[in-house]
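Since the structure comes first, as structure tokens, the remarks are kept for the end.
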Amino acid sequence: QAAGIVGQGNADIRVERDIAINFCENQTLVAGGDVIVREALMHSNIRCKGRVELQESHGVIIGGNIIAVKGIKALQIGNDQEIKARLRVGMDPDVLDEIKQIDKALESLDENLQKVKKGLVLLQKMEALKPLSNAKYKLKTELEKAGEQLQNETKDLPARRGELMK
């Protein structure tokens with residue numbers, strides 16, 4: 001079991017198995033197994049595929065973000081100074097990251113699709129008044145292809161997100 005860890009929040013400690021320490025302050029720990037802490041987690045970011053367990057009678061979590069697939073056990077979470085601690089249980093942190101990436105991608109694809117549609121509407125209005133120049137006709141064709149491609153890219157992502165949420 002390692003002694004305590006006091007970090008400055010600018011480095012991650014990543015292991016594929018369990019982590020066992022006395023305490024952790026201002027540090028990011030990523031474990032493929034459990035994170036076992038004897039005393040306290042303070043202002044730390046913990047992500048594990050197992051459980052987070054504070055073992056001593058004064059085991060406390062103050063501040064930070066903790067994601068543990070199999071559960072979190074502590075005597076006390078938070079303190080009277082109302083320092084927020086975010087806890088999430090039951091979801092693999094890697095899956096959560098992928099869901100966030102999908103959400104960002106869908107938002108970006110939707111923004112781009114809206115821009116393409118606006119461009120096409122403008123070109124269609126221009127075309128209704130008079131024939132488009134070769135350059136504008138080429139642009140219209142490219143926008144139509146881009147719109148189809150964006151729609152195709154958008155189709156797969158919601159299904160993948162749904163799979164991850166199961």
Determine whether more than 12 heavy atoms belonging to other residues, nucleotides or ligands lie under 6.0 Å from atom CD of Glu163.
yes
So, taking the atom named NZ in Lys117 and the one named CG in Leu113, what distance separates them when rounded to the nearest 0.5 Å?
4.5 Å
Is there a donor-acceptor contact under 3.5 Å from the side chain of Gln76 to the main chain of Gly78?
yes
Are Ile99 and Asp103 side-chain neighbours, meaning at least one heavy-atom pair lies under 4.5 Å?
yes
For Arg47 and Asp97, work out which heavy atoms get closest and say how close.
NH2-OD2, 2.7 Å
So which heavy atom on Val116 is nearest to which on Ala146, and how close?
CG2-CB, 4.3 Å
With a 4.5 Å limit on heavy-atom distance, are the side chains of Ile61 and Ile46 in contact?
no
If you look at every heavy atom in Pro158 and Thr154, which pair is closest and at what distance?
CD-O, 2.8 Å
Can you tell whether the side chains of Asp94 and Lys49 come within less than 4.0 Å, N to carboxylate O?
yes
Using every non-hydrogen atom in the two residues, find where Leu87 and Ile72 come nearest and quote the distance to one decimal.
CB-CD1, 3.8 Å
Just wondering, do Ile67 and Arg86 contact through their side chains at under 4.5 Å, heavy atoms?
no
So which heavy atom on Val35 is nearest to which on Cys48, and how close?
CG2-CB, 3.9 Å
Rounded distance [0.5 Å steps], CZ in Arg38 versus CG in Asn22
5.5 Å
CG (Leu41) and CG (Asn26) are apart, to the nearest 0.5 Å, by 11.5 Å
To the nearest 0.5 Å, atom NZ of Lys100 lies from atom CD1 of Ile102 at 13.0 Å
Determine whether a donor-acceptor pair (N or O, by modelled atom type, separation under 3.5 Å) exists between the side chain of Ser44 and the backbone of Met42.
yes
Side-chain donor or acceptor of Asn65 paired with backbone N/O of Asn45 under 3.5 Å
no
How long is the span from the CG atom in Asn112 to the CD atom in Glu107, to the nearest 0.5 Å?
11.0 Å
Nearest 0.5 angstrom please: Leu150 CG to Ser108 OG, how far?
8.5 Å
Other residues, nucleotides and ligands only: do more than 12 of their heavy atoms fall within 6.0 Å of CG on Asn134?
no
For residues Asn152 and Lys155, determine if any side-chain heavy atom of one lies less than 4.5 Å from a side-chain heavy atom of the other.
yes
Got Lys140 and Lys136 here, is their nearest side-chain heavy-atom distance under 4.5 Å?
no
